[in-house]
Asks: 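Sharing a structure with you now.
Throughout, a chain's letter reflects where its sequence line sits, starting with A, and its residues are numbered from 1.
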2 protein chains.
Amino acid sequence: MSLPHAILTALLEKPSSGLELTRRFDKSIGYFWSATHQQIYRELGKLEADGLIRALPAEQPARGQKKSYEVLPAGRAELERWTSATQDPKPMRDTLLLRLRAAAVVGTAGIEADLRRHLELHERQLTEYREIERRDFPPGRDSPQDRLHHLILRAGIDLETFWTRWLAHALEEFAALPDGRAADTGDAGDAGVTDGAASNGGAGTTPPR
Amino acid sequence: MSLPHAILTALLEKPSSGLELTRRFDKSIGYFWSATHQQIYRELGKLEADGLIRALPAEQPARGQKKSYEVLPAGRAELERWTSATQDPKPMRDTLLLRLRAAAVVGTAGIEADLRRHLELHERQLTEYREIERRDFPPGRDSPQDRLHHLILRAGIDLETFWTRWLAHALEEFAALPDGRAADTGDAGDAGVTDGAASNGGAGTTPPR
DNA sequence: CCCCATTGTGCAACTAGTTGCACAATGGGG
DNA sequence: CCCCATTGTGCAACTAGTTGCACAATGGGG
């Protein structure tokens with residue numbers, strides 16, 4: 001859906017080979033649009049076939065390529081079109097929140113460790129973003145590009161800040177819970193299977209019909 | 001990947017038919033795990049075939065069903081397993097941030113209107129969440145389920161708060177930009193914004209034929 | 001009473017993303 | 001100098017999610 005446009009952007013910023021793109025995706029654009037090298041190679045092929053990019057002329061004969069690509073005018077036009085077109089936000093999908101919801105009915109045993117792990121991952125990411133900010137956006141730099149790139153980085157920083165705070169809060173909440181077991185899973189055989197309904201009683205984000 | 005588990009959770013909370021699930025996904029679980037009715041029906045079929053859920057015995061003969069499903073012990077066990085298993089966070093993919101990055105190289109003309117629209121959508125969502133919070137979580141409710149559900153809702157509220165703030169800030173930034181055009185300011189010596197992006201100073205912008 | 005808009009269930013084809021390889025070129029260590 | 005670990009490019013099969021229908025049942029308005 002958007003991978004071709006991510007690639008066009010990256011190539012406009014700097015013509016690159018598949019591998020270079022892969023590296024740059026790992027470092028930068030990939031922070032908000034991840035892609036594997038296989039996806040990138042496949043997409044480069046399509047973009048070339050569609051006449052949006054072309055291989056830079058190089059003098060190696062064939063195999064073991066290191067082919068570099070650059071964007072053609074048609075590619076830039078397509079990127080411009082796509083960037084300014086109205087697009088609806090994709091509906092959200094978050095596994096962790098879903099698991100928490102499941103834990104509310106099935107018990108919180110076991111999930112806490114993973115919450116803690118996620119907290120650490122987000123802290124690490126946050127640190128990395130802050131490092132980038134310190135390095136690439138010292139006060140004073142404020143060309144339009146700088147401002148936009150900084151704005152994007154700020155989104156990353158703020159999102160990671162949100163997650164670290166929220167996860168920390170969640171863990172506190174867990175500590176205050178009766179014990180490892182959040183749900184009253186009054187495991188009464190087949191009755192237990194449907195107990196969530198009874199104990200729901202208007203609680204949660206599921207309003208009673 | 002997680003849709004079956006979302007369905008198991010929903011069915012544990014309350015046995016339902018495909019349509020009821022669809023409705024509930026629109027209102028509640030779908031806030032963080034959206035699914036279409038087609039996905040839900042397909043998945044219900046699989047879950048039943050796998051013996052994780054079963055159709056509640058009902059007395060209609062066949063067609064025009066309104067079949068309701070409930071979770072079997074095997075389904076509950078699977079949900080428990082999944083909930084407590086370690087899982088890596090999915091790499092992020094955000095179109096809006098990607099488009100902004102594209103705008104930094106291709107020009108910001110046209111994107112501002114959509115930013116404004118997104119701001120409105122997020123404000124609306126935020127209002128909705130706050131409404132739910134007011135309605136379903138009055139002070140005093142604090143069974144373990146309530147606390148967990150509230151925690152999840154809080155994540156939604158805080159995320160929407162982040163987006164509305166960030167988008168508002170982005171729009172301010174845009175207002176301060178030279179004009180509709182962020183790119184083409186020809187600052188060729190601009191090294192290493194996050195990945196050396198701006199250093200090409202327009203190379204590839206107008207490729208030689 | 002019958003028509004047709006609405007509600008509910010579902011299949012099929014497609015698109016996007018992931019996983020698991022395959023294999024060529026390169027280059028430093030034995 | 002040659003072997004094999006590493007780097008770089010790529011195909012194929014699979015999984016998850018989306019889009020576009022199809023069609024049965026229901027129920028209120030003419």
Side-chain angles (χ1 to χ4, degrees), chain A residues 1-8 10-11 15-27 29-30 32-50 53 55-56 58-69 82 87-95 98 209, chain B residues 1-8 10-11 15-26 29-30 32-50 53 55-56 58-69 82 87-95 98:
Chain A
M1 221 231 338
S2 317
L3 178 58
H5 302 99
I7 291 179
L8 287 172
L11 288 181
S16 308
S17 69
L19 185 77
E20 283 165 336
L21 281 177
T22 303
R23 298 259 177 281
R24 292 174 58 203
F25 267 71
D26 284 348
K27 274 196 302 193
I29 290 199
F32 48 90
W33 202 272
S34 74
T36 63
H37 69 109
Q38 290 91 336
Q39 278 176 279
I40 288 171
Y41 283 118
R42 202 193 330 170
E43 209 58 46
L44 282 171
K46 278 190 210 165
L47 286 168
E48 191 179 21
D50 292 352
I53 64 175
L56 279 175
E59 47 282 0
Q60 294 101 319
R63 333 220 96 219
Q65 288 96 330
K66 191 157 297 199
K67 262 201 289 196
S68 276
Y69 294 91
W82 178 79
Q87 271 177 251
D88 285 329
K90 284 281 137 204
M92 159 166 201
R93 283 211 173 89
D94 188 282
T95 318
L98 182 57
R209 308 133 290 276
Chain B
M1 222 231 336
S2 316
L3 179 59
H5 303 99
I7 291 179
L8 287 172
L11 288 181
S16 307
S17 69
L19 186 76
E20 283 165 336
L21 280 179
T22 304
R23 298 259 177 282
R24 292 173 58 202
F25 267 71
D26 284 348
I29 289 199
F32 48 89
W33 202 270
S34 75
T36 63
H37 69 109
Q38 290 91 335
Q39 279 176 279
I40 288 171
Y41 283 118
R42 202 195 327 172
E43 208 59 46
L44 282 172
K46 278 190 212 166
L47 286 168
E48 191 179 21
D50 291 352
I53 64 174
L56 279 175
E59 47 283 1
Q60 295 102 318
R63 331 219 98 216
Q65 286 96 330
K66 192 157 295 199
K67 262 201 290 194
S68 276
Y69 294 91
W82 178 80
Q87 271 177 252
D88 284 330
K90 284 280 138 209
M92 161 164 198
R93 283 213 174 86
D94 188 282
T95 318
L98 182 57

Asks: Which distance, rounded to the nearest 0.5 Å, do you find between the OG1 of B:Thr95 and the NZ of A:Lys90?
Replies: 7.0 Å
Asks: Separation of B:Arg23 atom CZ from C:dT6 atom P, in whole Å?
Replies: 14 Å
Asks: Ignoring hydrogens and geometry beyond distance, is the side chain of B:Arg42 in donor-acceptor contact with the base of D:dT18 at under 3.5 Å?
Replies: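 For B:Arg42, whose side chain was compared with the base of D:dT18, there is a donor-acceptor pair (under 3.5 Å).
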Asks: For B:Gln39 and C:dC14, what is the distance between atoms CD and P respectively, to the nearest whole Å?
Replies: 18 Å
Asks: Identify the nucleotide, in any strand shown, that forms a Watson-Crick or G-U wobble pair with D:dA12, with both distances under 3.5 Å; if there is none, say none.
Replies: C:dT19
Asks: Picking from C:dG17, D:dG10, C:dG10, which would you name as closest to the side chain of A:Trp33?
Replies: C:dG17
Asks: Applying the Watson-Crick and G-U wobble criteria at under 3.5 Å, what pairs with D:dG29? Answer none if nothing qualifies.
Replies: C:dC2
Asks: Which whole-number value in Å describes the distance from B:Ile40 CD1 to C:dG10 P?
Replies: 12 Å
Asks: Would you tell me if any nitrogen or oxygen in the side chain of B:Gln38 comes within less than 4.0 Å of OP1 or OP2 on D:dT18?
Replies: no
Asks: Report the residue (B:Pro91 or B:Leu19) whose heavy-atom-nearest nucleotide on DNA chain C is the more 5′ of the two.
Replies: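 Closest to the 5' end, via its nearest nucleotide, is B:Leu19.
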Asks: Starting at the 5' end of DNA chain D, which residue's closest nucleotide do you reach first, A:Lys90 or A:Glu20?
Replies: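 Nearest nucleotide further toward 5': that of A:Glu20.
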Asks: Would you find a donor on one side and an acceptor on the other, under 3.5 Å apart, between the side chain of B:Ser34 and the backbone of B:Gly30?
Replies: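 No.
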Asks: Nearest whole Å is fine: how far is C:dG17 P from A:Tyr41 OH?
Replies: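 Going from OH in A:Tyr41 over to P in C:dG17 covers 19 Å.
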Asks: When the distance from CG of B:Asp88 to P of C:dG17 is rounded to whole Å, what number comes out?
Replies: 19 Å
Asks: To the nearest 0.5 angstrom, please state how far the CG atom of A:Leu44 sits from the CD1 atom of A:Ile7.
Replies: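 A:Leu44 CG to A:Ile7 CD1: 5.0 Å, rounded to 0.5 Å.
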Asks: Using whole Å, what does the distance between atom C1' of nucleotide D:dT9 and atom CG of A:Leu44 come to?
Replies: 11 Å
Asks: To the nearest angstrom, how far is A:Glu43 atom CD from D:dT9 atom C1'?
Replies: 16 Å
Asks: Tell me the interatomic distance from B:Glu48, atom CD, to C:dT9, atom C1', rounded to whole angstroms.
Replies: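 Taking CD of B:Glu48 and C1' of C:dT9, I get 14 Å after rounding.
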Asks: Could you check whether any side-chain heavy atom of A:Leu21 comes within less than 4.5 Å of a side-chain heavy atom of A:Ile29, counting everything from C-beta outward?
Replies: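 Counting from C-beta outward, A:Leu21 and A:Ile29 never come under 4.5 Å.
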Asks: Considering every strand shown, what is the Watson-Crick or G-U wobble mate of D:dA24 when both distances are under 3.5 Å?
Replies: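 Per the H-bond distance test, C:dT7.
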Asks: Report yes if a side-chain nitrogen or oxygen of B:Arg93 is closer than 4.0 Å to either non-bridging phosphate oxygen (OP1 or OP2) of C:dT18; otherwise report no.
Replies: yes
